[in-house]
Amino acid sequence: MTEREKKLEFEALYTAQFRTLFAHGCTRLHGMGVPPAVAELYAQEAVQETFAALWERKDEILGQEYRMAWLNSVLHNKLADLLREERSWQEVLNLLRGQLPQEDICPMEE
C-alpha cells in the first residue's frame, strides 16, 4: 500500500467511523456515571487520540481486516486512560480541599 493509499484509507475510516466511535465512547462513559457534557468532551478526545494512534501505526493496521477491532480496543484504552487521569486529579483536588481552612473559622476575628 502506497503512502497515498494509506492516507486515503485513513481519511475514509475517519470520516466513516468518527461518529460511531464517538457515540460508543459517550454511551460507555454515560454507563459509568460520567455526566453527559463531560462524557462528550472525553469521548471526543479519546476518539481523536485513537485516530492519532492509528496514524502512528498506519503501516501495520491500515488495510487489515481487524482494523475496526483495533480501533475499538484502542478507544476503550484511551477512555480508561482519561478516567484514570480524572480520578488522579480528583484525588489532588480532595487533598487540596482538606488543606483549606474551615469556613466557619475566620482568622481575622480571633
Side-chain angles (χ1 to χ4, degrees):
M1 183 179 277
T2 67
E3 286 299 313
R4 177 156 170 63
E5 290 171 331
K6 289 175 194 168
K7 183 178 184 225
L8 290 173
E9 183 179 347
F10 177 86
E11 289 172 352
L13 266 175
Y14 185 89
T15 301
Q17 298 301 324
F18 185 91
R19 287 186 179 161
T20 300
L21 291 171
F22 173 75
H24 179 69
C26 286
T27 300
R28 184 171 170 93
L29 292 168
H30 289 162
M32 299 173 83
V34 176
V38 175
E40 288 179 12
L41 289 173
Y42 282 0
Q44 184 172 7
E45 184 174 345
V47 173
Q48 289 171 348
E49 288 182 13
T50 297
F51 278 103
L54 174 61
W55 185 252
E56 289 176 11
R57 296 183 61 186
K58 66 185 178 295
D59 295 336
E60 179 183 341
I61 305 299
L62 290 177
Q64 301 298 323
E65 290 181 22
Y66 59 82
R67 67 184 175 271
M68 284 309 302
W70 186 89
L71 282 172
N72 280 304
S73 178
V74 172
L75 176 62
H76 284 218
N77 291 338
K78 297 296 182 182
L79 290 169
D81 290 345
L82 287 169
L83 290 173
R84 266 192 300 278
E85 185 177 332
E86 172 68 19
R87 274 188 237 112
S88 176
W89 280 111
Q90 286 299 325
E91 288 175 14
V92 168
L93 288 174
N94 289 336
L95 287 172
L96 290 174
R97 281 187 194 114
Q99 294 177 5
L100 291 175
Q102 300 296 323
E103 290 181 28
D104 59 336
I105 301 173
C106 183
M108 300 301 286
E109 292 177 3
E110 292 180 359

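Checked against side chain to side chain donor-acceptor pair (under 3.5 Å), His30 has no partners two or more places apart in sequence or in another chain. For Asn77, there are no side chain to side chain donor-acceptor pair (under 3.5 Å) partners at least two apart in sequence or on another chain. With sequence neighbours left out, Glu85 forms a side chain to side chain donor-acceptor pair (under 3.5 Å) with no residue at all.
When side chains are defined from C-beta on, Leu83 counts as touching Leu29, because their heavy atoms get closer than 4.5 Å.
Atom CD in Gln17 sits 8.0 Å away from atom CG in Asn72 (nearest 0.5 Å). Atom CG in Leu21 sits 13.5 Å away from atom NZ in Lys78 (nearest 0.5 Å).
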Ignoring hydrogens and angles, write down the donor-acceptor pairs under 3.5 Å from the side chains of residues 5-16, residues two or more places apart or on other chains.
residue : atom : partner : partner atom : Å
Glu5    : OE1  : Thr2    : N            : 2.8
Glu5    : OE1  : Thr2    : OG1          : 3.4
Lys6    : NZ   : Glu3    : OE2          : 3.4
Lys6    : NZ   : Asp59   : OD1          : 2.4
Glu9    : OE1  : Gly63   : N            : 3.1
Glu9    : OE2  : Gly63   : N            : 3.0
Glu9    : OE2  : Arg67   : NE           : 3.3
Thr15   : OG1  : Glu11   : O            : 2.9

Let me check something: any side-chain donor-acceptor pairs from residues 32-52 under 3.5 Å, sequence neighbours excluded? List them with distances.
residue : atom : partner : partner atom : Å
Tyr42   : OH   : Glu86   : OE1          : 2.4
Thr50   : OG1  : Ala46   : O            : 2.7

Could you walk me through whether Val74 and Leu54 pass the side-chain contact (heavy atoms from CB on, under 4.5 Å) test, one step at a time? CA-CA 9 Å; Val74 172; Leu54 174 61; over 6 Å; no
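Residues in residues 65-85 take part in these ring pair (Phe, Tyr, Trp, His ring centres under 6.0 Å) pairs, two or more places apart or across chains: His24-His76.
Here the closest heavy-atom approach between residue Gly25 and residue Leu79 is recorded as CA-CD1, 3.8 Å.
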